[in-house]
Amino acid sequence: MKSKVVKINDLFINEENPRDEPQENEAAAVKILFKKGSEQKLLNLMKSIAQYGFEISERIIVVEHEAPNKYLVMDGNRRITCIKLLNNPDFLPLDIDKRESLIKRINKIKKDFDYTPIASVDCVVYDIPAEEDQMKRTIQNKHIGQNKGVGRLQWDYKAQNRFTNNDYKIYLVNYLDNLLKVERSLSTMERIFGDPDLRSHLGIVIDKKIPEIILESAESEKKILYILQLLKDKKITVSDVYYKVDRENFYQTYFIDSEEWKNSNPDESSDPEVLTPENIDESSNEPRTKSSEVTEETAAAKEHGSKEELTPTDSNEMKEEQGSVSGPGANGPENAKDNSRSEEELQEEDVATINASTQSQPDPQDNIKQQKPENISFLFQGIIYKGNHPGIKRALFELHRTRVSTYTLSATYLTRTLLECTLQEYLIKNNLFSLWRNPAKDPSLTDLLNYCVTNGTFQGINQNYQRTINMAHAKKDHDELNSVTHGKYNLPSTDALWDIERRWRIIMKYMVENLNNNP
């Protein structure tokens, strides 16, 4: 790992950005960043960069790319995309929707903030594969949540308000807590209190400058308490009051069509405590209660309302657009791996890395929000062969170090070699190849699949393995691989390779483990 100032034009957007499905090239990777719901966020990030400059407290994470002094962005793709577009709006993909409109908006941002092109940025360059473990851990700690304190601790709404010194919001937090403490109620109550018509219906007057909330009558307090109780009982969420029409329907439903609010008597002590990250003992196995966390998530799916509406601050977006106060990693650098080690050691180290970062299968009864499984970066990653067959051994070793999107032809040759060698070796070692009628001929992958389908070779071992073989034959995996390796005129397909990998992964793991135990 080393620090380096890299020219913007020498940085390439990652077509395998974990935010989305893998893309076929850089233009497609840029295009998908503008997917529905993300366009305005990117434009907001451009505004921030144009106005304040590139946030230097958090460097871009990169690895060496195809040519010398060229780098692939592993973390920071949105920021680099925004800088590239500000530097040159024509960088926008030609086939993107509303391209001319987007270019006009980008040019307006440049003009409004008198943008000066950014020529280079500070980066951290990781040596792959030697430092891949360290790089993944650094990126993981930034993006997958608190991770029991190892990752970044998310600021709650109160912490955000304390940081921004918003006196009114701090006052509102304390005011509502004194009435009835309800976790994660602020975004909902802000929308209610921010609507002048709803304030009039509820009988409240707000002075943000002092700050102060004045209630016109005891009935006003009863209404607010009833709303808090609805939130606490999870009968309403922020989506019920997100737009003005939602708030009108909300008041009609709960305060005009029904008189239940008049007879309500909220009692905080009678309800079970709402668990929060602050009051959970991390060493305990007690599950976290589902609170009204769905409120903000549900609301995020809606488009922004009118300008007069109060909108809660999204701390994740603030973190990405303005940079983070913390450094890039939680655990600090480690010594680089020794490149002189054997292939077997490096292979075993690969799988140890994967196993260390992979979460166990979650309990279906556990209410804790589970993390997404780690993306697989290389074909058949985590499958380790310990035998001496050179085809299997070398194919797996190189596949674990070959980026499919960059070296698709190489990955195609290696995949075909791996499938053919592993399947033939497995059949021979387990005495399952006795029905082969042409012993003088070395069977191809096509021959092997035809043999296994015709003879139902895996049927007595595992019915699902036989189904996998049948499916691979029906999908013509052999033809897909052969059309590239022997056809000479067909281009390899990244998507086809990943489809084959997903189809074969489980049976491949079984066969390799069988060969490891049956030398």
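Counting from 1, the numbers follow the sequence of the chain as shown.
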- Query: What residues, two or more places apart in sequence or in another chain, satisfy salt bridge (charged side-chain N to carboxylate O under 4.0 Å, His left out) together with Lys476?
  - Reply: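 Lys476 satisfies salt bridge (charged side-chain N to carboxylate O under 4.0 Å, His left out) with no other residue.
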Has the side chain of [X] got a donor or acceptor atom that lies under 3.5 Å from a matching backbone atom of [Y]?
X      : Y      : result
Thr422 : Leu418 : yes
Thr237 : Ser239 : yes
Tyr126 : Pro129 : no
Asn516 : Ile384 : yes
Asn14  : Met74  : no
Asn455 : Thr457 : no
Asn25  : Ala28  : yes
Arg401 : Phe397 : yes
Glu425 : Cys421 : no
Glu39  : Phe34  : no

Other residues, nucleotides and ligands only: do more than 12 of their heavy atoms fall within 6.0 Å of [atom1] on [X]?
X      : atom1 : answer
Glu24  : CD    : no
Leu409 : CG    : yes
Gln51  : CD    : yes

How close do [X] and [Y] get, heavy atom to heavy atom, and via which atoms?
X      : Y      : value
Ala472 : Trp504 : CB-NE1, 3.6 Å
Gln381 : Arg505 : O-NH2, 2.9 Å
Pro93  : Ala27  : CG-O, 3.2 Å

Nearest-0.5 Å distance, [atom1] of residue [X] to [atom2] of residue [Y]:
X      : Y      : atom1 : atom2 : result
Ile461 : Asn430 : CD1   : CG    : 6.5 Å
His473 : Asp479 : NE2   : CG    : 8.5 Å
Ile49  : Ile83  : CD1   : CD1   : 5.0 Å
Leu33  : Lys41  : CG    : NZ    : 12.0 Å
Arg99  : Leu94  : CZ    : CG    : 5.0 Å
Lys84  : Asn9   : NZ    : CG    : 5.5 Å

- Item | Check: Gln466/Asn462 side-chain N/O donor and acceptor closer than 3.5 Å |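 The answer is no; no qualifying pair exists.
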- Query: Can you tell me if Arg467 and Asn470 form a side-chain donor-acceptor pair at under 3.5 Å?
  - Reply: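 Side chains of Arg467 and Asn470: no pair found under 3.5 Å.
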May I ask you to test the [X]-[Y] pair for a side-chain heavy-atom distance under 4.5 Å?
X      : Y      : value
Lys2   : Val124 : no
Leu102 : Ile96  : yes
Met1   : Val125 : no
Thr468 : Met471 : no
Lys509 : Glu513 : yes
His478 : Ser444 : no
Glu501 : Thr415 : no
Leu396 : Phe378 : no

Applying side chain to side chain contact (heavy atoms under 4.5 Å, CB included), name anything that partners [X], two or more places apart in sequence or on another chain.
X      : result
Cys123 : Val6, Leu11, Ile60, Val62, Val121
Lys47  : Gln40, Asn44, Ile109, Phe113
Lys108 : Asp112
Pro89  : Ile103, Ile106, Asn107, Lys110

- Item | Note: Glu16-Arg403 ion pair, threshold 4.0 Å (strictly below) |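 The answer is yes: the pair qualifies as a salt bridge.
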- Ion pair present between Lys104 and Glu100, side-chain N to carboxylate O less than 4.0 angstrom?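 Not counted as a salt bridge, because no side-chain N and carboxylate O are separated by less than 4.0 Å.
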- Item | Test side chain to side chain contact (heavy atoms under 4.5 Å, CB included) applied to Lys35 and Asp20, step by step | CA-CA 10 Å; Lys35 63 187 177 182; Asp20 300 289; 2.4 Å; yes
- Please lay out, stage by stage, how Ser38 and Arg78 fare under the test side chain to side chain contact (heavy atoms under 4.5 Å, CB included). CA-CA 11 Å; Ser38 299; Arg78 293 176 70 250; over 6 Å; no
- Please identify each residue that fulfils side-chain hydrogen bond (donor to acceptor under 3.5 Å, both in side chains) with Arg503, with sequence neighbours left out.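 Residues passing side-chain hydrogen bond (donor to acceptor under 3.5 Å, both in side chains) with Arg503: Asp477.
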- Task: Please identify each residue that fulfils side-chain hydrogen bond (donor to acceptor under 3.5 Å, both in side chains) with Ser3, with sequence neighbours left out.
- Result: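 Applying side-chain hydrogen bond (donor to acceptor under 3.5 Å, both in side chains) to Ser3 gives Arg59.
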- Scan Leu72, Asn77, Thr494 and name whichever one has a side-chain contact (heavy atoms from CB on, under 4.5 Å) with Glu15.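 One option only clears the test, and that one is Leu72.
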- Message: My understanding is that only one of Thr446, Thr412, Asn490 makes a side chain to side chain donor-acceptor pair (under 3.5 Å) with Asn482; could you say which?
- Response: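 So, applying the side chain to side chain donor-acceptor pair (under 3.5 Å) to Asn482 and each of Thr446, Thr412, Asn490, only Thr446 qualifies.
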- Query: What pairs of residues pass the salt bridge (Lys or Arg N to Asp or Glu O under 4.0 Å) test when at least one of them lies in residues 410-419, not counting sequence neighbours?
  - Reply: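 Qualifying pairs, neighbours excluded: Arg416-Glu420.
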- Query: Got a sec, which pairs hit salt bridge (Lys or Arg N to Asp or Glu O under 4.0 Å) with one end in residues 435-452, sequence neighbours left out?
  - Reply: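 Output for this query lists Lys441-Asp447.
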- Any residue meeting ring pair (Phe, Tyr, Trp, His ring centres under 6.0 Å) with Tyr451, in chain and number order, not counting sequence neighbours: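 Tyr451: ring pair (Phe, Tyr, Trp, His ring centres under 6.0 Å) contacts with Phe433.
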- By ring pair (Phe, Tyr, Trp, His ring centres under 6.0 Å), which residues pair with Tyr426, not counting sequence neighbours?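 Once residues adjacent in sequence are excluded, the partners of Tyr426 under the ring pair (Phe, Tyr, Trp, His ring centres under 6.0 Å) criterion are Phe458, Tyr510.
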- Message: By the ring pair (Phe, Tyr, Trp, His ring centres under 6.0 Å) test, which pairs, at least two apart or in different chains, include something from residues 55-95?
- Response: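 Applying ring pair (Phe, Tyr, Trp, His ring centres under 6.0 Å) to every pair that reaches into residues 55-95, excluding sequence neighbours, yields Phe12-His65.
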- Under the side chain to side chain contact (heavy atoms under 4.5 Å, CB included) rule, what do Cys82 and Leu42 come out as? Steps first, then yes or no, please. CA-CA 7 Å; Cys82 287; Leu42 271 179; 3.7 Å; yes
- Task: Determine, stepwise, if the pair Trp498 / Leu379 fulfils side chain to side chain contact (heavy atoms under 4.5 Å, CB included).
- Result: CA-CA 7 Å; Trp498 281 112; Leu379 294 171; 3.8 Å; yes
